[in-house]
Number of protein chains: 4
Amino acid sequence: MARESTRSKVHAAVLSLAHESGLGAVTMEGIAARAGVSKQTLYRSWDSTGSILFDALLARSVDAGGEVAVPDSGDLSNDLRALATGMIAELTDPAHERLLRAVTAELQADDGLADRFRELLLVPQQSAIVDRFRRADVAAPDDVAELFVAPIFHRWLLRSRPFCEAWVTAHVERIVRLAEHAATPGLPRREG
Amino acid sequence: MARESTRSKVHAAVLSLAHESGLGAVTMEGIAARAGVSKQTLYRSWDSTGSILFDALLARSVDAGGEVAVPDSGDLSNDLRALATGMIAELTDPAHERLLRAVTAELQADDGLADRFRELLLVPQQSAIVDRFRRADVAAPDDVAELFVAPIFHRWLLRSRPFCEAWVTAHVERIVRLAEHAATPGLPRREG
Amino acid sequence: MARESTRSKVHAAVLSLAHESGLGAVTMEGIAARAGVSKQTLYRSWDSTGSILFDALLARSVDAGGEVAVPDSGDLSNDLRALATGMIAELTDPAHERLLRAVTAELQADDGLADRFRELLLVPQQSAIVDRFRRADVAAPDDVAELFVAPIFHRWLLRSRPFCEAWVTAHVERIVRLAEHAATPGLPRREG
Amino acid sequence: MARESTRSKVHAAVLSLAHESGLGAVTMEGIAARAGVSKQTLYRSWDSTGSILFDALLARSVDAGGEVAVPDSGDLSNDLRALATGMIAELTDPAHERLLRAVTAELQADDGLADRFRELLLVPQQSAIVDRFRRADVAAPDDVAELFVAPIFHRWLLRSRPFCEAWVTAHVERIVRLAEHAATPGLPRREG
DNA sequence: AAATAACCGAGACGGTACGTCCCGTCTTCGC
DNA sequence: GCGAAGACGGGACGTACCGTCTCGGTTATTT
């Protein structure tokens, strides 16, 4: 398997290409040229630009300390607001956005990639959020977490409505209200 | 602009190609060949396969009676359940899914296409749903409608979790509960 | 089929490449680049570098007036000497040799090319020589012509022995002697 | 230099590849794989597929008893006919032809290979034939031997005319006639 | 017998060329 | 005079070999 130096050269190349020239400019030949690597070396380790892109994202995420840090201050509202703000910041960060959209686009056509994406990035991240709800004794924490996260992705993926501070506040408030009503009744809750 | 017969031949060609051979097989040359039309004719009316695909989807949607029929029986829960089931059925219909995913993927890279998509397909559909909530005197009907729709798209786009009947029921119940609490208080509601 | 200007650009390119850089440097990509032509254009009209090379040689030969000029002064010895000297000059001309060797090498591996080569270049040339012998009333002119030509090619192809003036003279003398003995007896011969 | 077992494995590999898959299929990588040898081992001992091919042919020829056996029954005509028939059989033997053509093709492009080929295979073989003519007291035995051999190679290399029994007979007869006239006059000849 | 070197298999690597597909433009020719 | 048919320059695809270059794991001495 690929030498470590090769992998990192390739990762750097694909990230810079995706960032500066957009999605369509990410080609196997372009990556090879930018990384100073032969095409065969790419094909030995990856089977598509999507794989490389995903691998690069994953490596970066691992380097960056790995798991998503879900804040847990005891105040659910504040924590969710911070979380939402962070997610939005990451999704709309000009340095990342094109890259993330590229991967999302590839997911639509490549089932294998979608599987890896789900298992390695989506599930861990979502689990962390679910745990935060569970710690707040929310019933059906999976579903509530999804309800919290989905509108953010929806707006981003379908560009249906722009993000704004007011909406984040209102959204968090709605989710918290829902969570309270869904909280297991009769049990002392760690937080109010 | 293209002759009507040309447009329909092209629409038929692109739909059949997308359906039978997958996303990658939709090329300008392929469409031209399948439609019995010259490439120049395609380029005169469209600028990418995404445009053609989108145009075809739009035409089909118009032919099919146009707007999404949001049920309005007076029973919000039943109506939402029917609506959700219908959306899920359309999104996962093997005859359409590849096509819809193809367009979604193109949206990530093509801002102009994303704009047209939002204005011509997304907004009308979403408005109809918002209207349904408004008719039920739900406060912030836009946000609630989004909260209703987003998890469905989220599951479909990121393939995060499969669809199942039980989830639909629970999801609708959660949305309705939220809507009730958000309903403008003090006004007689058409439904309970 | 290819535009005439394309053909001539390609011919010029392949001839110059073969001349200056040797046999191995003649590649489809190289020809395309040198000719300012796309690879697809080459593949539309030819299936190998050998075909292009052969086509170029043929075109050049046609442009140059076509058929081999076999001298016919009435003096068989002198004519044969001139013919042999001309053939040797052409085969060893530094401007052509690599090119001719390239084609000869390709003939060994490509039956179709060998057929075309034989029919379009070899047979006409050989026929002209046979005719010269026939006009001298030589019996079995085909075989004698072959006996005349073969050693020249043999030395060239297998590099068995170098060419020199003395050998040419001796060779021609031997062939003429053989031809005289083989001449149809009892008939007045045009030449002695 | 390579271990003897390696050499023979490589020879076997290259011969079988050339035989079964044709000239183009003989590659360094293919030979290494077939022989169960690393590429580096090949490059340590040879510099091209042509070298290996030639080396294999040479080894085979040495194994087979080495020199060409030129028949010497005392009857020049019969001996030459046998010799010609043998050469033609070898050249057109389906088991060898592709291989021999491959080497001949390589000779056109590789001067060093051509030198080795001439010295190690061609000269010894040709000398044996020259000796046969010399024993028959033929004058200029080199040239006559060449005249005898050249048409056979000519027909084979340029595929100019097919081999047939009648031609062999006529060819031998012509050569013998020429040889008689060229025989040193006034000396008793060992044969008539 | 253990130490030491030479050799070898395996195969990653930067490259070049292959032959194909599709891009978007431009030209030709028939209805 | 419009439009199909398709040639054209170009760029990327994925593959096959090239010749070079480490790697370990034998072999075969050499001590």
Side-chain angles (χ1 to χ4, degrees), chain A residues 1-7 9-10 24-49, chain B residues 2-3 5-6 9-10 17 21 24-49, chain C residues 1-7 9-10 24-49, chain D residues 1-7 9-10 17 21 24-33 35-49:
Chain A
M1 175 45 60
R3 218 177 280 167
E4 195 46 45
S5 69
T6 299
R7 293 181 68 85
K9 276 191 298 181
V10 169
V26 177
T27 64
M28 290 302 235
E29 294 212 332
I31 297 169
R34 174 70 62 99
V37 138
S38 86
K39 284 204 292 176
Q40 201 55 41
T41 297
L42 294 188
Y43 284 107
R44 242 192 301 273
S45 300
W46 299 276
D47 58 2
S48 68
T49 55
Chain B
R3 216 178 281 167
S5 70
T6 298
K9 275 192 298 182
V10 169
L17 278 173
S21 311
V26 177
T27 65
M28 290 302 236
E29 295 211 334
I31 297 168
R34 174 72 62 101
V37 139
S38 89
K39 287 204 295 175
Q40 204 53 243
T41 301
L42 291 188
Y43 282 106
R44 218 172 285 129
S45 301
W46 298 277
D47 60 2
S48 68
T49 55
Chain C
M1 177 44 63
R3 219 177 279 166
E4 194 48 43
S5 70
T6 299
R7 293 180 68 85
K9 276 192 298 183
V10 169
V26 177
T27 66
M28 288 304 234
E29 294 212 331
I31 297 169
R34 173 71 62 99
V37 137
S38 86
K39 284 204 292 176
Q40 200 56 41
T41 298
L42 294 187
Y43 283 107
R44 243 192 300 274
S45 301
W46 297 277
D47 59 2
S48 68
T49 54
Chain D
M1 174 50 65
R3 217 177 280 167
E4 194 48 43
S5 71
T6 298
R7 293 181 67 84
K9 275 193 297 182
V10 169
L17 279 172
S21 310
V26 177
T27 66
M28 290 302 235
E29 294 211 333
I31 296 169
V37 138
S38 91
K39 288 204 294 175
Q40 204 53 245
T41 301
L42 292 188
Y43 283 107
R44 218 172 285 127
S45 301
W46 298 276
D47 60 1
S48 69
T49 55

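Reminder, nothing fancy here: chain letters follow the sequence lines and each chain counts from 1.
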When rounded to whole Å, the CH2 to C1' distance for the pair A:W46 and E:dA12 reads 13 Å
Atom CD1 of A:I31 and atom P of F:dA12 are separated, to the nearest Å, by 11 Å
Sub-3.5 Å pairs of nitrogen or oxygen atoms, protein against nucleotides 14-18 of chain F:
from	atom 1	to	atom 2	distance (Å)
F:dG14	OP2	A:Y43	OH	2.5
F:dG14	O5'	A:Y43	OH	3.4
F:dG14	N7	A:K39	NZ	2.9
F:dG14	O6	A:K39	NZ	2.7
F:dC18	OP1	D:M28	N	3.0
F:dC18	OP2	D:M28	N	3.0
F:dC18	OP2	D:E29	N	2.9

Between C:Y43 and C:M28 the two heavy atoms that sit nearest each other are OH-CG, 3.4 Å
Phosphate contact (E:dG14 OP1 or OP2) by A:K9 side-chain N/O below 4.0 Å:
yes
The answer to which of C:G36 and B:V37 contacts DNA chain F further toward the 5' end, by nearest nucleotide, is B:V37
In this structure, OG of B:S48 is separated from CG of B:L42 (nearest 0.5 Å) by 11.0 Å
Sorted by chain and number, sequence neighbours left out, side chain to side chain contact (heavy atoms under 4.5 Å, CB included) with C:S38 holds for C:Q40, C:T41
Residue set satisfying side chain to side chain donor-acceptor pair (under 3.5 Å) with C:K9, at least two apart, ordered chain then number -> none
Quiz item: Should D:T41 be listed as having a side-chain N or O under 4.0 Å from OP1 or OP2 of E:dC7?
Solution: no
Note: C:T49 and C:I31 closest approach over all heavy atoms is CG2-CD1, 4.3 Å
Does a side-chain N or O of B:S38 approach OP1 or OP2 of F:dG6 to a distance below 4.0 Å, or not? no
Check: Below 4.0 angstrom from OP1 or OP2 of F:dG3, is there any side-chain N or O of B:R44?
Finding: yes
note: B:L42, atom CG; F:dG3, atom C1'; distance rounded to Å ~ 12 Å
Closest non-hydrogen contact found for B:L17 with B:R34 is CD2-NH2, 3.4 Å
